[in-house]
Amino acid sequence: MNLQQLRIIKAIAKTGSIQGAAEALHVTQPAISHQLKSLEEELGESVLIRSRPDIVLLPAGREVLAVAERVTAEIEDLRQRFSPKAPDEITGTLRVAASTLGIVYLYGDLLQTFMERYPKVSLVVTATETGVEGARQLVSGLVDVAFVPAADNMEDLGFTVLGKTKHVAIVSSTHALSGRITVSAAELRRFPFIRYRPNAGSRTTSDKLFLSSGEYPPILMESNDTEFIKRVVAMGVGTAIVPEFTVTQRDREQRVLETLQVQHISIAQGYGLVFRQDIKMHTVHLFRELCIEHSDLTMKRF
DNA sequence: AACATCCGTCGGCTCCGTTT
DNA sequence: AAACGGAGCCGACGGATGTT
């Protein structure tokens, strides 16, 4: 039994003839006869009486018709669900991974816009400690997209650039380096340093800066909580290197933190959205479109 | 006129061997 | 082991024609 046979029974019931069903389904009359014969052979029972002017459905035919009505209705329903529609009618689920830092400083507006534009899409956000962890969850199928720093080892994954960020040194307004515009790695080595934990994008940056020309300054502590790092630095006990976007206008206005450009630091680390190219999901497609739309706005910040 | 049957055509599927 | 490609098979279909 196949879908075409169900369609045929439905068309015969509607038109009252095999010829009518053939016209309705855009096939020839022999095609209908073949399918009916095949259906009756499979059921081991006749489904209709070839009477004139109208064909009469037998009990078996009426049973097939009832199923045909249900199945074709469900297929139409399924088709409707995936057909293009207004944004506020789109349903589905999107699982997003992002570092807590990213959610707080970079992607919050984007996620909010997505929720407002597609209110019926269920958005599940997983906060990870680092962007690398988000990429790992994407590969293992735990999430559908992830926000990560740009990296070379994303072989089969697609990447949509959202923007670039640079890193700056932060000190308190009472610190010995306060008032400086730029600072070198050698000068930073003289003071206790608070660094990110391994695997964090910003840790890679500080590793490159200090380890390429010697050693790290004395390590006061390690943390991936940027707000905590800023708080400790504001107390005047050490320095840190953080993404520039984490130092807000409010931080500057309160005059507790100062930012210094770091000499020789590799600037402009890209970040964006990674997704699996081998899996097609309409919610992922919509989210990527929104990211592309927002990437211009994000890029202008730097 | 409406439907059934025969027969040829075509497209899709399966199987199997080969390649990567 | 997975991917690819060719050969053969099968089912769906349409045209022609027979039957009711």
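We name chains A, B, ... by the order of the sequence lines, and we start the count at 1 in each one. On a predicted model such as this, the values are computed, not experimentally measured, just so you know.
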Selection from dC3(B), dG15(C), dC13(C) that lies nearest to any side-chain heavy atom of Gln35(A)
dC13(C)
Rounded to the nearest Å, what distance is computed from the CG atom of residue Leu36(A) to the C1' atom of nucleotide dC13(C)?
14 Å
For Glu40(A) and dA4(B), what is the distance between atoms CD and C1' respectively, to the nearest whole Å?
12 Å
Rounded interatomic separation in angstrom, taking CD1 from Ile18(A) and P from dA1(B)
17 Å
What integer distance in Å separates Lys37(A):NZ from dC13(C):C1'?
15 Å
Please give, in whole Å, the distance from dG14(C) P to Ile32(A) CD1?
9 Å
For Arg117(A), run the salt bridge (Lys or Arg N to Asp or Glu O under 4.0 Å) check against Glu293(A), Glu289(A), Glu89(A) and tell me which one passes.
Glu293(A)
Taking 4.0 Å as the cut-off, does a side-chain nitrogen or oxygen of Ser33(A) come that near to OP1 or OP2 on dC3(B)?
no
Which residue lies toward the 5' end of DNA chain C, Gln29(A) or Gln5(A), if each is placed at its nearest nucleotide?
Gln5(A)
Length of the CZ-C1' vector between Arg7(A) and dA12(C), whole Å
14 Å
Nearest whole angstrom, please: distance from the P of dA2(B) to the CD1 of Ile12(A).
14 Å
Are the side chain of Arg189(A) and the backbone of Phe210(A) linked by a donor-acceptor contact shorter than 3.5 Å?
yes
Yes or no on side chain to side chain contact (heavy atoms under 4.5 Å, CB included) for Leu177(A) and Leu188(A), after CA distance, side-chain angles and deciding distance?
CA-CA 9 Å; Leu177(A) 292 172; Leu188(A) 286 170; 4.1 Å; yes
Answer yes or no on whether Arg195(A) is positioned over the face of Tyr216(A), meaning its NZ or CZ is under 6.0 Å from the six-membered ring centre and within 45° of the axis.
yes
Grab the CD1-P distance between Ile49(A) and dA4(B) for me, whole Å please.
13 Å
